[in-house]
Peer 1: 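Following this message is one structure expressed as structure tokens.
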Protein chains: 2
Amino acid sequence: MQNKDLSLLKELGLKLTPQRLAIIEYLKGNKNHPSAEEIYNALKDRFPSMSFATVYNTLEVLVEKGLIKELSIDSSKKRFDPFTHPHHHFICKACGKIVDVEAPFEVFVPESLRDFQVEDFKVVFTGVCHECKKE
Amino acid sequence: MQNKDLSLLKELGLKLTPQRLAIIEYLKGNKNHPSAEEIYNALKDRFPSMSFATVYNTLEVLVEKGLIKELSIDSSKKRFDPFTHPHHHFICKACGKIVDVEAPFEVFVPESLRDFQVEDFKVVFTGVCHECKKE
DNA sequence: CTAATTGCAAAAATTTTGCAGGACT
DNA sequence: AGTCCTGCAAAATTTTTGCAATTAG
């Protein structure tokens with residue numbers, strides 16, 4: 001999610017409404033992998049009339065245009081990630097925090113996938129984070 | 001999900017009702033990573049009175065006891081996997097199929113996680129499967 | 001001005017829960 | 001017999017949808 005993305009949206013004929021700009025602003029640089037509800041709650045003070053439809057609609061557009069990614073990490077709800085470059089995640093089983101893992105390591109693509117066209121892979125680490133380890 | 005698991009369930013004071021046995025039987029060796037609804041639909045002919053509550057309750061028990069795993073691969077619904085040994089997955093973006101990847105490869109644990117207690121990792125490959133590649 | 005977007009409300013989809021009756025050990 | 005489990009129905013959660021009113025470009 002970059003600043004230049006704003007002009008990209010415009011070019012595509014999409015309108016930069018205040019609500020959209022607020023959602024984009026909220027997501028920009030956000031490392032908390034928020035859900036739709038978290039985004040809604042964070043913005044409803046500034047936009048008391050905003051509806052979930054707008055949040056979901058905007059998220060859908062941003063995902064479609066590749067400006068954010070939808071995560072399937074939390075099986076109870078969708079989460080969204082403004083960092084679209086290849087990266088991985090660590091989930092703390094104590095506090096539930098999801099941490100970005102930037103290392104661009106390689107994974108051996110196993111023999112069983114030799115006939116498949118493997119385009120990407122994502123690694124999810126689990127364990128206990130530094131803060132929770134102390135307790 | 002193994003045969004010996006049945007006696008394990010009994011030992012834990014859990015009852016082997018016909019519905020539970022049917023769900024266990026349906027899951028055993030099943031490589032389709034079914035959702036609760038798929039399990040329900042597959043069994044409702046044999047158990048016309050069976051309710052979702054029973055399916056969800058049984059799945060919860062099986063997950064709790066470690067006999068199956070809940071997957072967070074599909075962001076629209078929970079899926080369940082009777083294979084509890086460490087393994088990974090490939091998702092075909094054309095047909096949506098989820099394929100088990102058995103290779104016990106190692107992943108480099110990145111420096112940024114040095115203060116974390118990393119206990120496990122799962123890899124999700126994406127791409128196009130052999131069948132879909134032909135088309 | 002016009003097409004895109006919002007907000008509302010209803011609905012769909014998935015999962016959870018309370019409880020009375022029924023079944024397993 | 002006693003505890004666990006089932007089925008039902010209602011509710012909670014998350015997400016989607018239709019549509020009239022509004023707004024950005």
Peer 1: Sequence neighbours left out, what passes side chain to side chain donor-acceptor pair (under 3.5 Å) with B:His87? Give chain and number order.
Peer 2: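 With neighbours one apart ignored, the set is B:Asp81, B:His89, B:Asp100.
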
Peer 1: Got a sec, which residues hit side chain to side chain donor-acceptor pair (under 3.5 Å) with B:Glu70, two or more places apart in sequence or on another chain?
Peer 2: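 B:Glu70 satisfies side chain to side chain donor-acceptor pair (under 3.5 Å) with A:Ser75 only.
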
Peer 1: Looking at five pairs on each end of the helix from C:dC1-D:dG25 to C:dT25-D:dA1, what is the angle between the two axes, given to 10 degrees?
Peer 2: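 Answer rounded to 10°: the end axes differ by 40°.
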
Peer 1: Would you give me the side-chain donor-acceptor pairs under 3.5 Å for residues 118-128 of chain B, sequence neighbours excluded?
Peer 2:
unit_1   : atom_1 : unit_2   : atom_2 : d
B:Glu119 : OE1    : A:Lys93  : NZ     : 2.5
B:Glu119 : OE2    : B:Gln117 : NE2    : 2.7
B:Asp120 : OD2    : B:Lys122 : NZ     : 3.1

Peer 1: Validate the cation-pi geometry between B:Lys133 and A:Phe116: distance from NZ or CZ to the six-membered ring centre under 6.0 Å, angle to the ring axis within 45°.
Peer 2: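 Negative - B:Lys133 is either too far from the ring of A:Phe116 or too far off its axis.
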
Peer 1: Which pair of heavy atoms, one from B:Cys95 and one from B:Cys129, lies closest together, and at what distance?
Peer 2: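 That would be SG-SG, 4.0 Å.
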
Peer 1: Hey, could you give me each pair passing side-chain hydrogen bond (donor to acceptor under 3.5 Å, both in side chains) that has a residue in residues 43-60 of chain A? Not counting sequence neighbours.
Peer 2: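 Only A:Asn41-A:Lys44 qualify under side-chain hydrogen bond (donor to acceptor under 3.5 Å, both in side chains).
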
Peer 1: Can you name the side chain to side chain donor-acceptor pair (under 3.5 Å) partners of A:Lys97, sequence neighbours left out?
Peer 2: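 Applying side chain to side chain donor-acceptor pair (under 3.5 Å) to A:Lys97 gives A:Glu131.
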
Peer 1: For chain A and DNA chain D, what are the first and last nucleotides along the strand, 5' to 3', with at least one atom under 4.0 angstrom from a heavy atom of the protein chain?
Peer 2: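 It runs D:dT14 to D:dG25.
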
Peer 1: With sequence neighbours excluded, tell me which residues meet side chain to side chain contact (heavy atoms under 4.5 Å, CB included) with B:Ser112.
Peer 2: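 In terms of side chain to side chain contact (heavy atoms under 4.5 Å, CB included), with neighbours along the sequence ignored, B:Ser112 is linked to A:Val101, B:Pro110.
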
Peer 1: Look at all strands and tell whether A:Ser76 reaches a base, only sugar-phosphate, or nothing, counting heavy atoms closer than 4.0 Å.
Peer 2: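 Here A:Ser76 touches the backbone only, sparing every base.
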
Peer 1: Please report, to 0.1 Å, the donor-acceptor pairs under 3.5 Å made by any side chain of residues 11-27 of chain A, with sequence neighbours excluded.
Peer 2:
unit_1  : atom_1 : unit_2  : atom_2 : d
A:Thr17 : OG1    : A:Arg20 : N      : 3.2
A:Arg20 : NH1    : A:Lys15 : O      : 3.3

Peer 1: So if I take residues 47-61 of chain A and measure heavy-atom distances to DNA chain C, which residues fall below 4.0 Å?
Peer 2: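 Residues of residues 47-61 of chain A under 4.0 Å from DNA chain C: A:Ser49, A:Met50, A:Ser51, A:Ala53, A:Thr54, A:Asn57.
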
Peer 1: For each nucleotide in nucleotides 20-25 of chain C, reading 5' to 3', give B when a protein heavy atom comes within less than 4.0 Å of its base, S when such contact involves only the sugar-phosphate, and - otherwise.
Peer 2: ---BBS

Peer 1: Report the residues that fulfil side chain to side chain donor-acceptor pair (under 3.5 Å) with B:Glu37, sequence neighbours left out, ordered by chain and then residue number.
Peer 2: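 Partners of B:Glu37 under the side chain to side chain donor-acceptor pair (under 3.5 Å) test: none.
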
